[in-house]
Protein chains: 2
Amino acid sequence: MIKKKYNISVEATLEVIGGKWKCVILCHLTHGKKRTSELKKLMPGITQKMLTQQLRELESDGIINRIIYNQVPPKVEYELSEYGTSLESILNLLCNWGEQHIIKEYGDKFAVLEDNILNK
Amino acid sequence: MIKKKYNISVEATLEVIGGKWKCVILCHLTHGKKRTSELKKLMPGITQKMLTQQLRELESDGIINRIIYNQVPPKVEYELSEYGTSLESILNLLCNWGEQHIIKEYGDKFAVLEDNILNK
DNA sequence: TGTTATAGGTACTTTAAAGTACCTATATTA
DNA sequence: TAATATAGGTACTTTAAAGTACCTATAACA
């Protein structure tokens with residue numbers, strides 16, 4: 001008999017997209033596939049190690065695809081997998097809620113948000 | 001001038017509902033207001049300290065209301081605030097996605113999910 | 001020749017999140 | 001009188017998440 005693992009289904013979701021970085025990575029990927037270096041530019045606070053670590057985990061959970069181009073210097077791209085797109089509506093809602101929350105807290109989102117593709 | 005704080009709006013959302021317990025608490029509260037002791041029963045893994053700590057933070061972010069009945073032994077209830085209900089659709093999607101993910105991973109959600117109000 | 005760009009690995013350290021243990025108050029009930 | 005239920009506080013410890021530093025490979029180019 002399989003041992004019970006979750007007390008509530010949302011725990012399974014958090015196991016896949018919880019933590020400091022995964023939602024951020026996935027939000028960027030909802031805007032199309034990205035190279036490792038592009039993701040690094042979009043997330044100035046993340047380290048190389050954390051970025052690849054999170055990407056590996058998302059890949060092994062089937063959320064993203066890793067596309068390797070056989071060239072030097074290396075080129076690798078990441079994109080939402082088909083399964084990963086089932087998270088798109090959640091990711092969009094999370095981003096939109098955050099934007100509204102910032103407006104509520106600070107009045108003006110441009111005061112606390114860096115400019116990037118998602119904040120336009 | 002206010003210092004920039006977020007690189008992407010979803011970071012603001014995670015500041016409010018991130019971590020191991022907050023989404024779980026909030027998912028339970030989407031089913032109506034709950035006493036502290038009820039929440040503890042619904043979340044067998046949480047400690048008293050973590051529960052009150054998370055509830056305090058959610059309260060100070062305006063997501064939940066704390067209702068105190070003046071009696072002994074004490075009775076306190078928690079409910080989603082009006083602002084908190086703006087998270088309801090997100091919370092429901094997070095729960096539903098987790099359920100589907102469990103089915104995908106384990107075939108049968110009843111094998112890994114404890115019985116409680118949300119799993120019926 | 002040696003520097004650059006790209007993607008990533010690994011060992012170690014730091015920090016933040018979470019957990020443990022033990023404490024409070026008071027009306028009610030056995 | 002002593003135990004019970006309820007909600008919560010606090011000091012301390014443990015664990016897990018995250019960060020730092022340094023390492024690899026190789027073709028292109030100055």
Side-chain angles (χ1 to χ4, degrees), chain A residues 5-8 10-29 33-61 63-79, chain B residues 5-8 10-29 33-61 63-79:
Chain A
K5 198 172 177 191
Y6 305 108
N7 286 288
I8 187 172
V10 73
E11 289 172 5
T13 311
L14 296 176
E15 217 169 66
V16 176
I17 63 166
K20 188 175 174 180
W21 295 112
K22 283 178 182 170
C23 277
V24 177
I25 292 170
L26 293 174
C27 280
H28 286 302
L29 292 185
K33 61 173 186 279
K34 297 271 179 295
R35 296 188 64 173
T36 314
S37 51
E38 291 179 286
L39 286 171
K40 251 189 284 188
K41 259 165 232 151
L42 290 167
M43 297 181 278
I46 202 170
T47 59
Q48 168 74 257
K49 183 208 150 195
M50 286 308 293
L51 179 57
T52 51
Q53 185 179 305
Q54 304 300 303
L55 289 168
R56 291 291 168 281
E57 292 177 14
L58 289 169
E59 192 193 0
S60 78
D61 281 322
I63 308 297
I64 61 173
N65 296 322
R66 182 162 180 256
I67 308 156
I68 306 152
Y69 298 84
N70 220 327
Q71 60 185 56
V72 171
K75 178 178 176 181
V76 175
E77 288 184 322
Y78 295 93
E79 63 178 8
Chain B
K5 197 172 179 196
Y6 305 108
N7 286 288
I8 186 173
V10 74
E11 288 172 4
T13 310
L14 296 177
E15 218 170 64
V16 176
I17 63 166
K20 188 176 175 181
W21 296 112
K22 284 178 182 171
C23 277
V24 177
I25 293 171
L26 293 173
C27 280
H28 286 303
L29 293 185
K33 61 173 184 280
K34 296 271 179 295
R35 294 187 65 173
T36 314
S37 52
E38 292 180 287
L39 287 171
K40 252 190 281 188
K41 258 164 234 151
L42 291 167
M43 297 182 278
I46 202 170
T47 59
Q48 168 74 256
K49 183 206 149 196
M50 284 310 291
L51 180 57
T52 51
Q53 185 179 305
Q54 304 300 305
L55 289 167
R56 292 290 167 283
E57 291 176 15
L58 288 168
E59 192 192 359
S60 80
D61 280 323
I63 306 297
I64 62 173
N65 297 322
R66 183 162 180 256
I67 307 156
I68 306 152
Y69 298 85
N70 220 325
Q71 59 186 58
V72 171
K75 178 178 176 181
V76 176
E77 289 184 323
Y78 295 94
E79 63 177 9

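Below, read A as the first sequence line, B as the second, and so on, with proteins coming before strands; counting in each chain starts at 1. Note that this is a predicted model, so its numbers are computed, not measured.
- When side chains are defined from C-beta on, A:Gln53 does not count as touching A:Trp21, because their heavy atoms never get closer than 4.5 Å.
- When all heavy atoms of A:Thr52 and A:Lys49 are compared, the pair lying nearest together is OG1-O, 3.2 Å.
- The cationic atom of A:Lys34 (NZ for Lys, CZ for Arg) does not lie both less than 6.0 Å from the six-membered ring centre of A:Tyr78 and within 45° of the ring axis.
- No engagement by A:Tyr69 is indicated, since no non-hydrogen atom pair under 4.0 Å with the nucleic acid exists.
- Side-chain atoms of A:Asn7 and B:Met43, non-hydrogen and from C-beta on, never get closer than 4.5 Å to each other.
- Positionally, the nearest nucleotide of DNA chain C for A:Val72 lies more toward the 5' end than for the other of A:Val72 and A:Thr36.
- For DNA chain D, the stems formed by at least three consecutive Watson-Crick or G-U pairs, with both atom-pair distances below 3.5 Å, span C:1-30 with D:1-30.
- Place A:Pro74 and A:Lys20 on DNA chain D by their nearest nucleotides, and A:Lys20 ends up nearer the 5' end.
- In this structure the side chain of B:Lys5 reaches within 4.5 angstrom of the side chain of B:Glu15, judged on heavy atoms.
- Across the protein-nucleic acid pair, B:Gln71 atom CD and C:dT26 atom C1' stand 12 Å apart, rounded to whole Å.
- The two residues A:Lys20 and B:Leu14 come nearest to each other via the heavy atoms O-CD1, 4.2 Å.
- Chain A approaches DNA chain D within less than 4.0 angstrom (heavy atoms of the protein), and the contacting nucleotides run 5' to 3' from D:dA18 to D:dA27.
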Any chance you could lay out the side-chain contact (heavy atoms from CB on, under 4.5 Å) test for B:Ile64 and B:Glu79, step after step, and finish with the verdict? CA-CA 5 Å; B:Ile64 62 173; B:Glu79 63 177 9; over 6 Å; no
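- Contacts of residues 46-55 of chain B with DNA chain D (heavy atom under 4.0 Å): B:Gln48, B:Lys49, B:Thr52.
- The backbone N or O of A:Arg35 sits less than 3.5 Å from a side-chain atom of A:Glu38, completing a donor-acceptor pair.
- Counting only heavy atoms from C-beta outward, the side chains of B:Leu39 and B:Ile46 never approach each other to under 4.5 Å.
- Inter-residue side-chain proximity for A:Leu51 and A:Ile25 is flagged as met; some heavy-atom pair is nearer than 4.5 Å.
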